[in-house]
Amino acid sequence: MHDAYEAISLLEKLPLKIESITCHDDILLVGTKESHLLQYRIKRKSGAAGESKFDVQLERSNKNFAKKPITQLSAVPQLHILISLSDNIVSVHDLQSFNLITCINKTRGANLFALDFRYRLLKKKTKVSFWKNRNFQDLTEMNLYDIPRCMCWCKESICVGFRRDYFLVKINSGDIKELFPLGNTQHEPVITKVANDRLMLGRDNMSILIDSEGQPTQKNPINWTGIPTQIENNPPYIIGILPKFIEVRTIETKLLIQQKELQHAKFICQGSGNIYVASINFIWRICPMPIAYQIRQLLENHEFELALRLAEMTDEQDEEKQKRVHNIKNLYAFDLFCQHRFEESMQIFVKLGTDPSHVIGLYPNLLPHEFRKQLEYPKKPPDLEGGELEKALSALQDYLTQKRNELLSDISKESNKELSTIAIQEGNTTIKSKKQLSQIIDTTLLKCYIQTNDALVAPLLRLKDNSCHVEESEKILKKKEKFSELIILYEKKGLHEKALHLLMKQAARPNSPLKGHDRTVQYLQHLGADHLKLIFEYAEWVLKEHPEDGLKIFTEDLPEVETLPRFKVLEYLEKISKDLAIAYLEHIITECGDVTPEFHNMLAQSLREKVQVLMTEYLQSLPEGHLPSKAGQEPDKLGEYRRKLIDFLECSQYYMPERLLTRFPIDGFYEERAILLGRLDRHEQALGIYVHILRDDTLAKRYCLNYFDRGREGNKDVYYYLLKMYLQPPPSSSLGMSASQGIKPQQNMTAAFRLLQEHAAKIDVSKTLELLPTSTPVAEILRYLEKVMEHQATIKRDCHVHEQRMFYQKAKVVVNDEKICKVCKKRLGNSAFVRYPNGVIVHYYCCKDPNKCPED
């Protein structure tokens with residue numbers, strides 16, 4: 001409880017017995033049993049600090065106001081009238097002079113009245129009248145079953161209290177609704193108006209609230225310590241007159257606020273903000289204590305809701321009032337938190353715009369120790385653990401998520417504007433920097449998730465606007481061994497070296513979630529060209545231990561990988577492994593379609609070097625007297641790499657053969673050299689290798705097939721060069737063979753004649769005849785000559801046909817609107833037609849015999 005009011009004695013031991021009181025402005029009117037009407041002027045006068053004193057002056061005493069006791073008074077200053085009930089009749093007097101305006105004879109027998117500036121009530125009847133032209137005009141009249149003991153207006157209804165129960169009378173319709181009985185205790189009914197559409201009805205020691213339809217508006221009634229005889233509403237309080245004291249309570253929170261001993265108090269009235277209580281011989285002024293004083297008491301008693309209502313009623317300037325309200329709400333939210341009502345507490349903090357760091361400080365171990373030491377609270381926050389801590393953290397997560405969204409929205413609107421937040425405890429410093437507050441919020445969310453639901457940690461860290469403090473978050477994640485999440489933190493903060501170092505360390509730990517090299521490969525694949533040095537540094541251990549997977553760092557189909565500088569990557573891979581360099585070159589040429597000549601040359605050269613090393617080992621391993629296998633058919637890796645080399649030299653169109661040829665040994669790599677010589681149009685040398693070194697007629701003929709082109713000067717004689725190799729073998733030295741090899745080129749007439757028969761049309765006859773030895777029998781070349789003649793005849797025939805087609809294609813026919821069909825004599829128009837060799841044209845459907853032209 002606290003002191004909401006103080007009771008100041010105004011009149012003591014009055015010689016007259018008080019029957020009724022009313023007031024307006026600073027005037028108190030007293031009706032007595034002796035029928036006197038007393039008018040007092042009550043003026044406040046200055047006293048000692050905190051003391052209320054009043055100057056009470058009897059301005060008028062009207063001994064002839066009535067003939068009987070004045071049982072009811074009601075001043076209506078708006079209409080300048082005073083309504084009274086005496087001798088069971090309602091009278092109206094002038095409020096200033098007390099002159100009688102009217103004595104309403106039709107109210108004779110009345111025992112009470114109720115005002116709504118319009119109406120009055122009579123004994124066992126409801127008589128409704130309205131005041132007009134200084135007189136009451138009748139409106140309606142209804143009979144009641146008993147004598148009313150009290151009544152009150154509520155919108156268009158009157159609530160009437162009888163000896164045993166309450167009724168609601170509808171004025172417009174005349175309907176009467178029974179509400180509920182008074183109760184078991186014998187007492188008078190009590191009705192109090194608490195709002196335009198709400199009434200409070202007494203039942204034993206309870207007060208029940210209803211609306212203008214008679215429906216309850218509050219689940220639980222207000223309980224008094226005794227049975228009130230009268231109740232006055234003075235928001236936010238209600239004041240009840242009990243036998244030994246007056247009692248002050250609240251409606252919504254149903255709190256007992258104050259009990260003030262006033263012996264035998266019987267009457268209470270309120271007007272112009274003043275409240276008076278009277279007994280038969282005493283009158284007191286009930287003065288509200290200063291609101292600031294009440295608020296201090298309420299805050300000490302943790303009655304924050306009531307303190308808020310009072311704070312909103314002060315006459316302070318808006319800025320000061322708002323500041324006080326915010327302070328109370330913060331204290332209220334803090335108190336709710338201390339009561340473990342975490343969700344309610346957080347909802348208030350959100351609405352207030354309380355500094356989130358101060359809210360976080362209510363929890364253990366969420367703020368850095370040095371930062372937390374700077375914060376002060378109204379009292380020590382509760383120690384939370386177990387299930388209560390989990391509930392509190394859950395509420396904090398919702399709060400921080402909402403504040404995070406608000407802050408992000410605010411940042412996007414006004415990035416340069418400082419924050420405006422308030423402290424829980426006045427005097428604490430609040431955070432102004434949006435960046436700093438974002439860090440605190442996100443880092444705290446991370447700590448909450450670690451304790452309550454660690455599955456949410458990774459999604460938080462992946463947010464592009466995640467502002468987690470690196471050092472603080474790093475310490476937490478390491479302590480909880482959340483290494484996967486720590487990698488995400490490093491990645492999002494651009495701390496790639498830390499991430500890669502951690503991945504390398506964790507790769508060898510058997511139970512680590514980062515075990516193995518896959519995460520390192522994935523991480524490096526997404527770094528891009530800006531971090532090439534870092535990629536090279538941390539790709540090395542993967543390439544050495546897992547070369548195939550390590551190569552994917554530079555070959556995966558990703559935008560970041562595609563932008564890596566290929567020359568630098570190749571140079572790096574060559575230092576680690578020639579095989580990796582070859583695989584990389586194959587990838588960028590075959591998969592990526594790179595046509596850079598340098599890369600094509602490098603691949604050919606790398607393959608050649610690899611083959612040469614393997615070839616040396618292979619030849620050394622051969623038993624004495626055994627011949628090596630054909631090119632590309634060697635065993636194991638040698639055969640594989642040599643096939644790759646030969647296929648590449650044959651297929652690629654972008655390497656530079658003149659540079660490569662010098663790299664291939666003259667006494668080896670014969671098939672490869674032949675391919676390169678062919679690219680340089682040195683066909684005789686190439687065919688000499690196939691015929692006299694490799695002795696493979698099939699390869700020689702395939703070579704000629706690939707290169708033969710009548711329209712190109714260098715390639716139209718490839719078959720002639722092959723014939724020449726058969727008929728006039730060159731010396732061994734010109735083919736790159738040493739004497740030690742024991743290979744001597746030999747003439748091969750059989751192969752020559754077979755070539756002449758198969759490809760006679762592709763070899764110049766005159767050159768052929770010059771090559772053939774003079775001793776060659778005519779019979780041997782007869783078949784060749786016949787094929788040549790057949791070929792020439794075919795050419796001539798084709799030329800003749802071509803000439804004829806050209807001749808006939810020159811002929812034309814013109815069909816116009818005047819052209820007449822020779823058969824039906826009608827115009828051809830757009831119809832299909834037939835033209836005979838002699839130029840005659842007829843309709844298609846008029847042509848009976850295509851071989852016989854119709855006569856003209």
Side-chain angles (χ1 to χ4, degrees), residues 627 630-631 633 650 666-667 670-671 673-803:
L627 295 175
K630 293 180 67 175
Q633 296 180 9
E650 287 182 337
I666 197 168
D667 59 348
Y670 295 113
E671 189 166 344
R673 284 180 60 80
I675 297 170
L676 293 172
L677 288 166
R679 289 293 176 88
L680 294 170
D681 291 339
R682 293 161 64 175
H683 302 303
E684 284 192 66
Q685 288 179 273
L687 289 167
I689 291 172
Y690 285 126
V691 173
H692 297 295
I693 298 178
L694 298 176
R695 295 185 178 182
D696 192 326
D697 290 341
T698 302
L699 288 178
K701 289 178 181 178
R702 193 180 73 180
Y703 177 92
C704 292
L705 180 65
N706 290 337
Y707 280 98
F708 177 73
D709 184 357
R710 290 185 189 278
R712 186 178 173 191
E713 188 62 33
N715 291 1
K716 67 180 182 178
D717 290 329
V718 289
Y719 282 99
Y720 166 73
Y721 296 139
L722 179 56
L723 180 63
K724 187 177 180 180
M725 285 299 115
Y726 288 142
L727 296 176
Q728 296 179 3
S732 300
S733 59
S734 67
L735 298 174
M737 293 185 293
S738 64
S740 62
Q741 290 178 280
I743 300 175
K744 184 178 180 179
Q746 300 288 328
Q747 189 181 62
N748 189 342
M749 296 297 292
T750 303
F753 288 133
R754 187 166 54 248
L755 179 66
L756 287 172
Q757 289 182 14
E758 291 175 356
H759 300 283
K762 300 172 184 174
I763 305 173
D764 186 275
V765 178
S766 60
K767 290 181 179 180
T768 300
L769 294 176
E770 289 177 3
L771 279 177
L772 287 172
T774 55
S775 60
T776 303
V778 175
E780 293 291 338
I781 62 172
L782 180 61
R783 183 60 183 155
Y784 161 67
L785 294 173
E786 287 175 348
K787 282 192 172 290
V788 170
M789 296 300 291
E790 288 175 2
H791 176 65
Q792 293 298 325
T794 301
I795 292 175
K796 184 177 180 181
R797 185 168 56 253
D798 290 344
C799 289
H800 179 69
V801 171
H802 181 63
E803 288 175 358

Check: Would you say the side chain of Leu755 lies within less than 4.5 Å of the side chain of Ile763, judging by non-hydrogen atoms?
Finding: yes
Note to self: Taking salt bridge (charged side-chain N to carboxylate O under 4.0 Å, His left out) as the cut-off, I'd like each qualifying pair that reaches into residues 768-778, sequence neighbours left out, listed once.
What the structure shows: none
Check: Hey, are the side chains of Arg682 and Leu676 touching, using non-hydrogen atoms and a 4.5 Å cut-off?
Finding: no
Checklist line | Pairwise side-chain contact, Glu671 with Asp696, heavy-atom cut-off 4.5 Å (strictly under) | finding: no
Side-chain polar contacts of residues 721-730 - donor-acceptor pairs under 3.5 angstrom, sequence neighbours left out - could you list them?
{"unit_1": "Tyr726", "atom_1": "OH", "unit_2": "Asp697", "atom_2": "OD1", "d": "2.9"}

Notebook entry, point to check: Do His692 and Gln746 come close enough that some side-chain heavy atom pair is under 4.5 Å?
Noted result: no
Check: Should the heavy atoms of other residues, nucleotides or ligands under 6.0 Å from CE of Met749 be counted, would the total exceed 12?
Finding: yes
Check: What residue pairs, at least two apart or across chains, pass ring pair (Phe, Tyr, Trp, His ring centres under 6.0 Å) with a residue in residues 701-720?
Finding: His683-Tyr703, His683-Tyr707, Tyr690-Tyr703, Tyr703-Tyr707, Phe708-Tyr719, Tyr719-His759
Check: Does Asp681 have any salt bridge (charged side-chain N to carboxylate O under 4.0 Å, His left out) partners at least two apart in sequence or in another chain, and if so, which?
Finding: Arg712
Check: If we only count heavy atoms from C-beta on, is the Glu650 to Asn706 side-chain gap below 4.5 Å?
Finding: no
Checklist line | Listed partners of Gln747 passing side chain to side chain donor-acceptor pair (under 3.5 Å), at least two apart | finding: none
Check: Quick one: salt bridge (charged side-chain N to carboxylate O under 4.0 Å, His left out) partners of Glu803, sequence neighbours excluded?
Finding: none
